[in-house]
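A short write-up of the structure that comes next.
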Amino acid sequence: DQQVKQNSPSLSVQEGRISILNCDYTNSMFDYFLWYKKYPAEGPTFLISISSIKDKNEDGRFTVFLNKSAKHLSLHIVPSQPGDSAVYFCAARDTSNTGKLIFGQGTTLQVKP
Amino acid sequence: NAGVTQTPKFRVLKTGQSMTLLCAQDMNHEYMYWYRQDPGMGLRLIHYSVGEGTTAKGEVPDGYNVSRLKKQNFLLGLESAAPSQTSVYFCASSYSKGLISPLHFGNGTRLTVT
């Protein structure tokens, strides 16, 4: 069973507009949520995170929103730039002592100039 | 400034062959992980280690073995490769489990089993 789901495999937006990437989860025991960005032929790189006790975290053009009642989080990129074109993975950390992450399937974002 | 290094970058195996994927990190991280990435499946955890000499199973451990004899190295072994193990394998490390310590990933090993 997929505990972290990204139901949109791809998203295309125009440069300068907002990109919204969505993620749903089923496990109430997750304590942190993270977004990773991945370019082709490279490993994922950490982008932004949010604790389960918060509902928003902002870092420059990137903002993550968490709606615990809906078990939903989203990543907003404003304004979108062509260099943001990549695969974005949502991940959640379980509350055990290992810190291991459960990843979603990924969403491919294309930002058109 | 190497970070996490994976070798090899590419490999083609025949069914039944064995191989070992190597992962080395130079950040003195305690935690190390092996993930596989498949289309439509995201990244799935195979095995992980919370310190030198320790290993544990992740979500999809069957068909793989691991060893962490030295803190900086985490090896992933395939004893008898199967076509279902065709995937991109990523090694990652993190400093601790505590305050969120993001994973640092290597650039992956693309494995094809024919």
Side-chain angles (χ1 to χ4, degrees), chain A residues 1-10 21-25 27 30-54 57 59 62 64 66 73 86-108, chain B residues 2-7 9-10 21 23-25 27 29-51 54-61 66 68 74 88-110:
Chain A
D1 64 342
Q2 193 87 24
Q3 298 185 64
V4 179
K5 296 182 182 179
Q6 294 175 257
N7 292 316
S8 298
S10 63
L21 295 95
N22 294 305
C23 179
D24 297 298
Y25 62 96
N27 188 340
F30 291 141
D31 65 345
Y32 266 97
F33 301 89
L34 305 89
W35 286 93
Y36 281 79
K37 176 178 175 180
K38 184 185 177 305
Y39 292 118
E42 294 183 9
T45 55
F46 170 71
L47 189 57
I48 191 170
S49 65
I50 187 167
S51 164
S52 60
I53 63 173
K54 295 188 174 182
N57 188 27
D59 183 2
F62 302 91
V64 57
L66 176 62
L73 66 154
V87 178
Y88 289 79
F89 290 100
C90 168
R93 189 180 79 165
D94 68 25
T95 55
S96 71
N97 289 330
T98 61
K100 59 182 185 284
L101 299 181
I102 307 298
F103 284 83
Q105 304 96 311
T107 297
T108 300
Chain B
V4 178
T5 303
Q6 292 183 232
T7 54
K9 290 184 171 53
F10 303 94
L21 280 67
C23 177
Q25 53 94 3
M27 297 172 284
H29 285 172
E30 289 291 334
Y31 292 70
M32 297 188 74
Y33 309 83
W34 275 106
Y35 285 88
R36 59 178 287 175
Q37 183 193 5
D38 302 291
M41 302 294 288
L43 291 155
R44 293 181 293 168
L45 182 64
I46 305 171
H47 285 282
Y48 62 97
S49 168
V50 300
T54 74
T55 62
K57 294 180 180 179
E59 303 169 73
V60 288
V66 288
R68 183 101 181 267
F74 195 30
V88 181
Y89 291 85
F90 288 99
C91 176
S93 69
S94 65
Y95 178 68
S96 74
K97 64 175 180 1
L99 258 190
I100 191 67
S101 175
L103 301 184
H104 296 259
F105 283 87
N107 285 335
T109 295
R110 183 173 293 276

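In what follows, chains are A, B, ... by sequence order, proteins preceding strands, each numbered from 1. Predicted model, so just to flag it, every value in this text is computed and none were measured.
- If you measure heavy-atom distances from A:P44 to chain B, the contacts under 4.5 Å come from both the backbone and the side chain.
- In this structure, no portion of B:Q6 lies under 4.5 Å from any heavy atom of chain A.
- Taking the side chain to side chain contact (heavy atoms under 4.5 Å, CB included) definition, one finds that B:R110 meets it with B:F10, B:V88, sequence neighbours left out.
- Listed by chain and number, the residues in a side chain to side chain contact (heavy atoms under 4.5 Å, CB included) with B:N107 are A:E42 (sequence neighbours excluded).
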One pair to check against side chain to side chain contact (heavy atoms under 4.5 Å, CB included): A:L73 and A:C90. What are the steps and the verdict? CA-CA 9 Å; A:L73 66 154; A:C90 168; 3.9 Å; yes
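- Each of A:W35, A:F33, A:Y36 was checked for a ring pair (Phe, Tyr, Trp, His ring centres under 6.0 Å) with A:F103, and the lone residue meeting it is A:Y36.
- Both the backbone and the side chain of B:L43 come within less than 4.5 Å of a heavy atom in chain A.
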